[in-house]
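These numbers come from the heavy atoms of this one structure, side chains and all, not from hydrogens, waters or symmetry mates.
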Amino acid sequence: MSVQRLTIVVAAFDEARALPVLHPRIAAVMDVLAADGLEARVLYVDDGSGDATWEVMQGLAAGDARVALLRLSRNFGKEIALTAGLDLVTEGAAMILDADGQDPPELIPRFVAHWRAGFDDVHGTRLSRDGESWLKRSTAHLFYRVMQRLAKTPMPADTGDYRLLSERALAGLRQLRERHRFMKGLFGWVGFNRIAVPYARERRIAGRTKFGFWRLWNFALDGVTSFSTAPLRLATYVGVLTACGAFAFALYVIAKAMMYGDRVAGWPTMMAVILFLGGVQLVALGVIGEYLGRLYEESKQRPLYLVSAWHPAPGPGVLADR
Ligand code: UDP
Ligand code: MG
């Protein structure tokens, strides 16, 4: 049997202060895995950081032959950075990890054990979230529940990108080249044998989250529009309901005019109805616009990312020079 390989993929954007703390932890885990007959590598993806992240990464690669580096031409966002990293893992499994230490690398051997038992998608499910605001925790909680109801693709609740993917799951994922990449949904689409590893999400090692509320809101919109057409259907239903309401109201107005005559009155009701209908129409148009905009983005067929630098891990196997 050939050697089993695992590549730990870490997307980092402005994580110069966290990486030096995180890497020794990853290195220790790779030692443990090596003792267990698994050849582990780590691939750091610099997602166009503005700080010293790339220099820090080069330092790590100089001191550890198991480190490969990829640098994107600018900041493309976490989903694309992960895609770029996973695209390179064509052999063995990949483990996705945040660069800020929120996903503890010490748990990787548990993911590996499940993988060796035949699972393709071993995902970390958050039991708790340390160091995150009440508002973020509660909106995240709500978001996962709404997504589960809306999307037909299975998406386990409270599950982020912290996961291990087998070689065939990765091969499946590589075929999904859509531009608005909602990774949780894409992982779910791929399917195969899935199992959850419950864990406590830790506090960031250093720095601040890059996902503020506006970004999270847009991320949620991407998730909904990429994996559900429910908003379009909702627009239809709202339209049908208002049309029924309008019809009933018209009957009432006609009956009233026939019984009591038609004096010019009812300006407030008319304004209210016009404004209400105008609002409903604009919302429906906006919903259509959201989907149309995404269709437009897809139709451009741009590459997902551009690479500015590539540093292979020395030695044979995965992530060697290609
Ligand atoms: N990240 C990235 N590109 C970005 C934003 C974030 O590669 O444009 C990385 C970041 O360095 C970290 C991970 O994605 O490793 C998660 O980001 P963050 O910790 O800010 O999000 P949170 O954990 O608060 O959801
Ligand atoms: Mg984080």
Side-chain angles (χ1 to χ4, degrees), residues 7 9-14 43-50 70-90 94 96-99 121 123 140 143-144 146-148 150-156 159-163 165 168-192 209-235 285-310:
T7 308
V9 177
V10 183
F13 175 53
D14 288 352
L43 168 61
Y44 290 115
V45 182
D46 176 10
D47 186 17
S49 299
L70 183 70
R71 189 186 202 184
L72 301 185
S73 61
R74 64 169 174 86
N75 179 243
F76 282 92
K78 183 187 180 186
E79 319 285 302
I80 300 274
L82 279 183
T83 305
L86 295 178
D87 279 349
L88 288 173
V89 187
T90 49
I96 304 171
L97 204 66
D98 272 5
D121 176 348
H123 47 272
F143 171 71
Y144 284 108
V146 171
M147 268 321 277
Q148 279 191 319
L150 289 185
K152 291 181 183 61
T153 321
M155 258 177 254
T159 299
D161 298 325
Y162 184 31
R163 64 179 75 212
L165 296 170
R168 63 173 179 171
L170 287 168
L173 191 68
R174 256 194 297 280
Q175 295 180 47
L176 309 180
R177 303 314 287 177
E178 60 205 75
R179 263 121 270 263
H180 287 268
R181 301 185 73 76
F182 185 67
M183 295 301 265
K184 302 176 211 295
L186 299 181
F187 297 140
W189 188 93
V190 167
F192 296 126
T209 175
K210 278 93 198 176
F211 287 84
F213 272 97
W214 185 239
R215 193 158 173 189
L216 278 177
W217 167 250
N218 284 310
F219 182 64
L221 269 188
D222 267 348
V224 172
T225 49
S226 300
F227 283 89
S228 166
T229 49
L232 286 173
R233 193 160 308 150
L234 187 71
L285 265 183
V287 170
I288 298 171
E290 281 293 331
Y291 283 90
L292 193 67
R294 269 150 240 265
L295 205 61
Y296 173 58
E297 295 291 332
E298 278 318 314
S299 71
K300 288 192 260 191
Q301 291 289 312
R302 288 179 182 163
L304 293 182
Y305 54 84
L306 291 180
V307 171
S308 110
W310 160 240

Inset, instruction - Could you tell me whether the side chain of R168 reaches within less than 4.5 Å of the side chain of V190, counting heavy atoms only? - result: no
Inset, instruction - Calculate, to the nearest 0.5 Å, the distance between atoms CG and CZ belonging to L150 and R233 respectively. - result: 10.5 Å
Inset, instruction - Say whether, by atom type as modelled, one donor and one acceptor occur between the side chain of R174 and the main chain of L86 under 3.5 angstrom. - result: yes
Legend entry - Spacing of CG belonging to D222 relative to CZ belonging to R181, to within rounding of 0.5 Å: 11.5 Å
Legend entry - Nearest heavy atoms of F227 and G185, plus distance in Å: CZ-C, 3.2 Å
Inset, instruction - Taking the side chain as every heavy atom from C-beta outward, state whether Y162 and I96 have any pair of such atoms under 4.5 Å apart. - result: no
Legend entry - Side-chain ion pair, R294 and E290, N-O less than 4.0 Å: yes
Legend entry - Minimum-distance pair of heavy atoms, taken over all atoms of H180 and S226: O-OG, 3.6 Å
Legend entry - Student check: side-chain heavy atoms of L72 and V45 closer than 4.5 Å: yes
Legend entry - Nearest heavy atoms of A11 and A81, plus distance in Å: CB-CB, 3.9 Å
Legend entry - Side-chain heavy atoms of F187 within contact of H123, under 4.5 Å: no
Inset, instruction - Please round to the nearest 0.5 Å and tell me the distance separating atom CG of L304 and atom CD1 of I80. - result: 5.0 Å
Inset, instruction - List the atom of D161, the atom of K78, and the distance in Å for their closest heavy-atom pair. - result: OD2-NZ, 3.0 Å
Legend entry - From OG1 (T209) to CG (L216), nearest 0.5 Å: 7.0 Å
Legend entry - Exceeds 12 heavy-atom contacts within 6.0 angstrom, atom NZ of K152: no
Legend entry - Smallest separation among heavy atoms of G85 and V9, with atom names: CA-CG1, 4.0 Å
Legend entry - D14 backbone acceptor or donor facing S49 side chain under 3.5 Å: yes
Legend entry - Interatomic spacing from CG in D46 to CG in L70 - rounded to 0.5 Å: 9.0 Å
Inset, instruction - State, with a plain yes or no, whether a side-chain heavy atom of T225 is found less than 4.5 Å away from one of Y291. - result: yes
Inset, instruction - Check whether any side-chain heavy atom of R74 sits under 4.5 Å from a side-chain heavy atom of L306, and report yes or no. - result: no
Inset, instruction - Give a yes or no answer on whether the side chain of D47 reaches the backbone of F76 with a donor-acceptor pair at less than 3.5 Å. - result: yes
Inset, instruction - For R179 and S299, indicate whether the former's side chain and the latter's backbone hold a donor-acceptor pair under 3.5 Å. - result: no
Inset, instruction - Work out which heavy atom in E79 is nearest to a heavy atom in F219; give both atom names and the distance. - result: OE2-CE1, 3.3 Å
Inset, instruction - Would you indicate whether the side-chain heavy atoms of F192 and D121 approach each other to under 4.5 Å? - result: no
Inset, instruction - Would you give the length of the straight line joining atom OH of Y305 to atom CG of N75, rounded to the nearest 0.5 angstrom? - result: 15.5 Å
Inset, instruction - Please work out whether the ring planes of F182 and F143 are parallel, tilted or perpendicular, with thresholds of 30° and 60°. - result: perpendicular
